[in-house]
Structures are given as C-alpha cells and as structure tokens.
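A short write-up of the structure that comes next.
From a predicted model like this one, the values you see are computed outputs, not experimental measurements. The chains referred to below are lettered A, B, ... by the order of the sequence lines, with proteins before strands, and numbering in each begins at 1.
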Number of protein chains: 2
Amino acid sequence: MVNYPNGKKKTTTLKQNNSINRGMKLEDDLNRTNEYYLNHNIAIIHKKPTPIQVVEVNYPKRSYAMITKAFYRTPSTTDYNGVYKGKYLDFEAKETNSKTSFPLSNIHQHQIIHLENVIEHHGSAFLIIRFNYYNETYFVLAYDIIAMYKSNQKSIPYRWFQENCDKMPFSLTPPVDYLKVFDKYFKE
Amino acid sequence: MVNYPNGKKKTTTLKQNNSINRGMKLEDDLNRTNEYYLNHNIAIIHKKPTPIQVVEVNYPKRSYAMITKAFYRTPSTTDYNGVYKGKYLDFEAKETNSKTSFPLSNIHQHQIIHLENVIEHHGSAFLIIRFNYYNETYFVLAYDIIAMYKSNQKSIPYRWFQENCDKMPFSLTPPVDYLKVFDKYFKE
C-alpha cells in the first residue's frame with residue numbers, strides 16, 4: 001500500500017465535504033454577486049440552504065445542539081430565488097467540466113417541475129451554467145432547458161450555448177453580473 | 001435520582017430533535033397549506049431548509065454521504081418565500097405559548113432587516129403568528145412588526161393582535177389559508 005507523503009492513510013472522514021465542494025467556485029461567485037446586489041440595494045436574492053435530513057442530535061451542553069447523524073436530501077426546488085424590482089425571480093446554477101456539452105442529468109426532475117411552475121405563476125425563471133474548461137458562464141432561459149429536458153435530450157452541446165445564450169460579462173464587482181443580462185430578457 | 005416510569009434514564013441523544021419539534025405544529029400546517037396552493041395551482045411557496053453548518057462527513061459507502069458532525073446556524077432570512085400572481089412574497093411564521101403577549105425576541109434581527117429589504121424592493125412581507133393557547137393564528141404586516149422592533153418594544157400584547165390583525169380562517173383544506181387574507185392587504 002502506498003502511503004501519502006505525510007505518512008497518513010486516506011481517511012473517509014473529511015473536514016470539508018468534498019462532494020459538496022465540487023462546483024463551489026460558481027456558488028462562491030454567485031454568493032458574492034448576491035451580496036453585492038444586496039449591499040448596493042439592487043435586489044434581494046439568496047441561496048437556499050442545502051436540505052439536510054437530521055436523524056440524531058446530541059446536547060454536549062444544554063445551550064446548544066450538535067447534529068451527529070444526518071443525510072443530504074434531494075432539493076425540491078432550485079437553489080436561488082428572490083425579489084428584483086418587485087418581481088419574483090428563480091434560478092438554478094450549475095457548472096460542468098465537460099468541453100463539449102452540458103449533461104441534463106445535472107438537473108433534478110423536481111427542479112424542472114419547479115421552474116415550470118414558476119413560469120406558470122409569472123415568475124422569471126432561468127439557469128446560470130458555467131463551462132469550467134472555457135471559464136465561460138451562460139445565462140439560459142428555463143423555458144429552453146425545460147423543452148430540451150422534456151424531449152429526453154441527454155445533454156446540450158457547448159455550441160448551442162455559444163450560439164443561443166448570453167455569455168455573462170466578466171467583472172470583479174460583482175463576479176457574475178447576471179441581472180444585467182436578466183434585464184434584456186425580462187422586461188418590466 | 002428519580003427514574004422515568006419505564007426505568008430508562010434520560011438520554012441526550014434524541015431520534016428527533018425536540019428543540020426543533022417545539023413549534024412544529026404551525027410549520028406542519030403551513031407545509032400542508034403550501035402543498036395545497038401548489039397542487040391547486042394557486043401559488044408556489046416553499047419553506048427554506050434549516051441552515052446547517054456541516055463540519056464532518058463520512059462515506060459508509062462510496063455512493064452516499066453521512067453527516068456525522070454539524071450545527072444549526074442562525075437563519076439570515078425568513079423561512080418562507082415564493083411567487084403568487086407574479087409577485088414576490090416573503091414571510092416568517094412563529095408561535096408562542098404565552099397567553100398575554102408575543103415576545104419579539106422570537107424574531108432574529110437578521111430577519112427584521114431582511115423583511116425591511118423585501119419591502120424596499122416592492123415584495124410583500126408579512127408574518128404569521130400563532131397563539132397556541134387560544135389556537136388563534138394572525139396575519140401581521142411586516143411593516144408593523146418592524147416598527148415595534150425598532151422602538152425597542154420587548155413584546156406585543158395579545159390584545160394588539162385581536163384589535164389590529166386578521167385572524168386566519170380555520171379550514172382543513174388548506175389548514176391556514178393565509179393568501180385569502182393576503183389579498184385584502186396586497187392589491188395587485
């Protein structure tokens with residue numbers, strides 16, 4: 001058995017949850033963007049907490065609870081929603097390492113149904129999809145993704161994004177200025 | 001030491017989190033109400049998951065993660081939001097066992113700030129407050145709560161709710177028909 005350079009064996013207990021960390025970069029960028037929107041009084045948009053099923057809780061002290069057994073649950077909605085100029089907006093953010101296409105299996109069926117419902121109730125629904133390899137982030141109407149999902153398409157070619165979607169402008173403040181693109185699609 | 005009738009000692013490990021279960025009744029009623037609104041195509045309103053800080057994760061099998069150490073975090077927003085007739089709505093739900101007043105310490109400062117922000121961005125913000133003793137559930141404008149919170153009032157007398165707020169109609173389908181009252185306050 002080959003040990004790691006520091007002589008330690010690989011352990012299954014992680015200080016950080018790596019499976020969650022995969023794809024954290026876009027999430028970080030969006031968190032900072034939403035913070036920017038909040039601080040500059042542009043919009044109130046928050047990421048929903050990850051749904052977790054708590055099974056066991058300990059009380060090391062009376063005053064606080066420590067969860068000792070819990071599981072990640074499948075989200076029933078998208079991750080982000082909020083209010084912008086009085087309107088309800090709702091979106092999901094995904095990134096892929098693929099150079100050629102975005103796999104639709106990245107999106108849960110529940111999330112597709114939720115986006116459909118949002119559209120039906122006159123909310124504004126979209127997706128933010130990043131191709132890590134090209135470091136390109138696209139603004140995609142939920143309407144388009146739903147149609148492709150329903151036609152049982154397995155993935156969306158990278159070329160489709162290039163030809164049909166707006167690439168998000170790069171900036172530091174905020175990192176992903178998606179409301180700039182949003183305004184183009186969703187008129188008041 | 002007095003043992004419990006079944007001879008077992010009290011344990012700090014709980015299968016269900018009792019501190020979370022306190023006040024679950026209103027939450028259950030609202031979940032069923034929101035499900036009713038969803039199924040009857042009236043509105044899309046969801047409770048946000050409880051924010052949890054995950055510290056340690058195990059992988060008993062490669063395919064799934066078990067959280068073995070985590071803590072409850074203070075929420076930075078209210079618990080409920082969604083879309084109704086294209087409009088963004090946002091509310092917090094609280095219950096109290098007091099017969100005489102609702103303690104404002106039940107509401108986090110972050111939530112007050114969030115409700116203020118929602119109002120500023122033309123969303124509709126309110127609270128649903130239940131007095132368990134009377135089994136009465138009131139619809140309260142966030143505007144009123146914010147004003148009292150800011151004047152450093154410690155609690156709101158029960159009488160104030162009786163005199164100034166709409167009591168939610170009781171029904172089984174849905175259990176708390178808050179959108180019926182909502183329509184009265186927030187015209188399109």
Q) Can you get from B/L38 to B/V176 by hopping between Ile, Leu, Val, Met, Phe, Trp and Tyr side chains that sit under 4.5 Å apart? A) no

Q: Would you kindly confirm whether A/I45 and B/V118 end up in one hydrophobic cluster when ILVMFWY residues are joined by side chain heavy atoms under 4.5 Å apart?
A: no

Q) Less than 4.5 Å apart, any side-chain heavy atom of A/D90 and any of B/V83? A) no

Q) Can you tell me how far the NE2 atom of B/H121 sits from the CG atom of A/N41, to the nearest 0.5 Å? A) 4.0 Å

Q.
Do A/I113 and A/M148 land in one hydrophobic cluster if side-chain heavy atoms of ILVMFWY residues count as linked below 4.5 Å?
A. no

**Q.** Exercise: identify the closest heavy-atom pair between B/I44 and A/N117
**A.** CD1-CB, 3.3 Å

**Q.** Contact class of A/I42 relative to chain B, heavy atoms under 4.5 angstrom
**A.** backbone

Q) Hey, does B/I52 have a side-chain heavy atom less than 4.5 Å from the side chain of A/I67? A) yes

Q. Above 12 or not: heavy atoms from other molecules or residues under 6.0 Å from CD of A/Q109?
A. no

Q. Between B/P49 and A/P51, what is the shortest heavy-atom contact and its length?
A. CB-CA, 3.8 Å

**Q.** Spacing of B/M66 atom CE and A/T68 atom OG1 [to the nearest 0.5 Å]
**A.** 9.0 Å

Q: Examine B/Y88 and B/Y84 and state if one hydrophobic cluster contains both, with Ile, Leu, Val, Met, Phe, Trp and Tyr joined whenever side-chain heavy atoms are less than 4.5 Å apart.
A: no

Q.
Parallel, tilted or perpendicular: which one describes the rings of A/Y64 and B/F71, with boundaries at 30° and 60°?
A. tilted

(Q) Tell me if the OH atom of A/Y143 is crowded by more than 12 foreign heavy atoms within 6.0 Å. (A) no

Q: Could you tell me which of B/A43, B/P60, B/P75 has the largest number of non-hydrogen atom pairs under 4.5 Å with chain A?
A: B/A43

